[in-house]
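Report on one structure; see the data block that follows.
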Amino acid sequence: MITLLSIYNKLLNKYGYQGWWPLIEHEGNNPTKTGSIKGYHVNDYSFPKNDFQRFEICIGVILTQNTNWVNVEKSLNNLYKNDFLSPEKIINNIEKVKELIKPSGYFNIKAGYLFNFSKFYLSLKARLPSRDELLSVKGIGKETADSILLYAYNQPIFVVDVYTKRIFNNLRIINSINYEEIRAFFENELPKDYRLFQEFHALIVEHAKNHYIKKPYGLNDFLV
DNA sequence: TTCCAGGCAATAC
DNA sequence: GTATTGCATGGA
């Protein structure tokens with residue numbers, strides 16, 4: 001009997017704690033994996049520590065839509081150096097935002113997304129948003145909403161990305177491309193622990209980068 | 001040069 | 001519900 005928990009443990013044994021979500025406003029306790037951001041916090045789930053870190057995570061989640069994380073780091077550093085990692089600054093000068101986030105691609109579209117989210121974020125007045133509220137913001141789809149809830153608000157919501165679908169369909173553990181169906185499967189099979197969900201999703205991404213980029217996917221996959 | 005990257009919205013069936 | 005397309009930079 002293959003359980004999701006057994007797969008999680010195999011991934012953890014092989015790749016170790018991933019330290020997600022990386023933060024630039026924090027001296028991490030492990031070396032940077034790629035790029036310039038060193039704020040990976042290995043086996044420490046006490047982040048975000050404050051509202052600044054929470055907002056930074058949300059911005060990073062939006063910028064990394066269909067984009068390499070190293071490119072997102074460049075944009076985050078640009079925003080940080082120019083003191084643009086706040087909703088007030090973002091809604092105040094959208095043209096400057098476009099310039100600063102160019103490295104992470106789709107900069108015209110994403111600047112609009114950051115504007116929409118910043119307006120929404122301010123309207124919350126620091127309270128926890130619901131999933132439906134997040135999904136009502138143009139630019140926030142299912143994966144982005146769930147990533148924000150899981151990593152910025154520590155809510156036990158399982159994030160389903162293209163890698164999750166690729167790996168678990170390939171292993172014949174699921175047979176579905178439906179987002180909500182897959183999310184429900186993981187959330188029902190696993191203990192509802194946000195720390196487990198954060199680590200599991202990060203490990204899925206790491207495993208996919210190693211074995212699920214080039215076809216045939218997962219040849220000799222050690223997970224099963 | 002080509003391919004890919006921690007998606008989303010709009011559109012067409 | 002599912003499939004297709006535009007959005008863009010930068011690294012392998």
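Throughout, a chain's letter reflects where its sequence line sits, starting with A, and its residues are numbered from 1. The structure displayed is predicted, hence computed values, not measured ones. Note: hydrogens, waters and symmetry copies are ignored here, and every other heavy atom, side chains too, is used.
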> Side chains of A/I173 and A/I7: closer than 4.5 Å at any heavy-atom pair?
Replying inline: yes

>> Whole angstroms only, please: what is the NZ-P distance between A/K209 and B/dA5?
In response: 10 Å

>> List the residues meeting side-chain hydrogen bond (donor to acceptor under 3.5 Å, both in side chains) with A/R127, not counting sequence neighbours, and say none if there are none.
In response: A/E133

>> Measuring only the P atom in each nucleotide, how far is C/dA8 from B/dA10? A whole number of Å is fine.
In response: 15 Å

>> Among residues at least two apart in sequence or on other chains, which ones pass side chain to side chain contact (heavy atoms under 4.5 Å, CB included) with A/P191?
In response: A/L5, A/L196

> Could you give the start and end, 5' to 3', of the contact zone on DNA chain C for chain A, using atoms under 4.0 Å from its heavy atoms?
Replying inline: C/dT2 to C/dG11

>> Taking the ring centre of each residue, are A/F186 and A/F168 less than 6.0 Å apart?
In response: yes

>> Both A/S104 and A/K74 contact DNA chain C. Which one's nearest nucleotide lies toward the 5' end?
In response: A/S104

>> Ring-plane angle category for A/F158 and A/F197, please: parallel below 30°, perpendicular beyond 60°, tilted otherwise.
In response: perpendicular

> Side chains of A/N154 and A/Y45: closer than 4.5 Å at any heavy-atom pair?
Replying inline: no

> Within the structure shown, what part of the strands sits under 4.0 Å from A/I62 by heavy-atom distance: base, sugar-phosphate, or nothing?
Replying inline: nothing

>> Applying a 4.0 Å non-hydrogen cut-off, can you work out what A/I204 is touching in the nucleic acid: base, sugar-phosphate, or nothing?
In response: nothing

>> Quick test of your reading: applying side chain to side chain donor-acceptor pair (under 3.5 Å), list the pairs with at least one residue in residues 51-63 of chain A, sequence neighbours left out, ordered by first then second residue.
In response: A/D51-A/Y121

> Do A/T164 and A/D161 meet the criterion of a side-chain donor-acceptor pair at a distance under 3.5 Å?
Replying inline: yes

> Where along nucleotides 8-13 of chain B does protein come under 4.0 Å, by heavy atom, of base (B) or sugar-phosphate alone (S), with - for untouched nucleotides?
Replying inline: SSS---

> What residues form a ring-ring contact (aromatic ring centres under 6.0 Å, His included) with A/Y15, not counting sequence neighbours?
Replying inline: A/H207

> Contact class for A/V70 (heavy atom, under 4.0 Å): base, sugar-phosphate, or nothing?
Replying inline: nothing

> To the nearest Å, how far apart are A/N68 CG and B/dC3 C1'?
Replying inline: 13 Å

>> Expressed as a whole number of angstroms, how long is the span from A/N66:CG to B/dC3:P?
In response: 16 Å

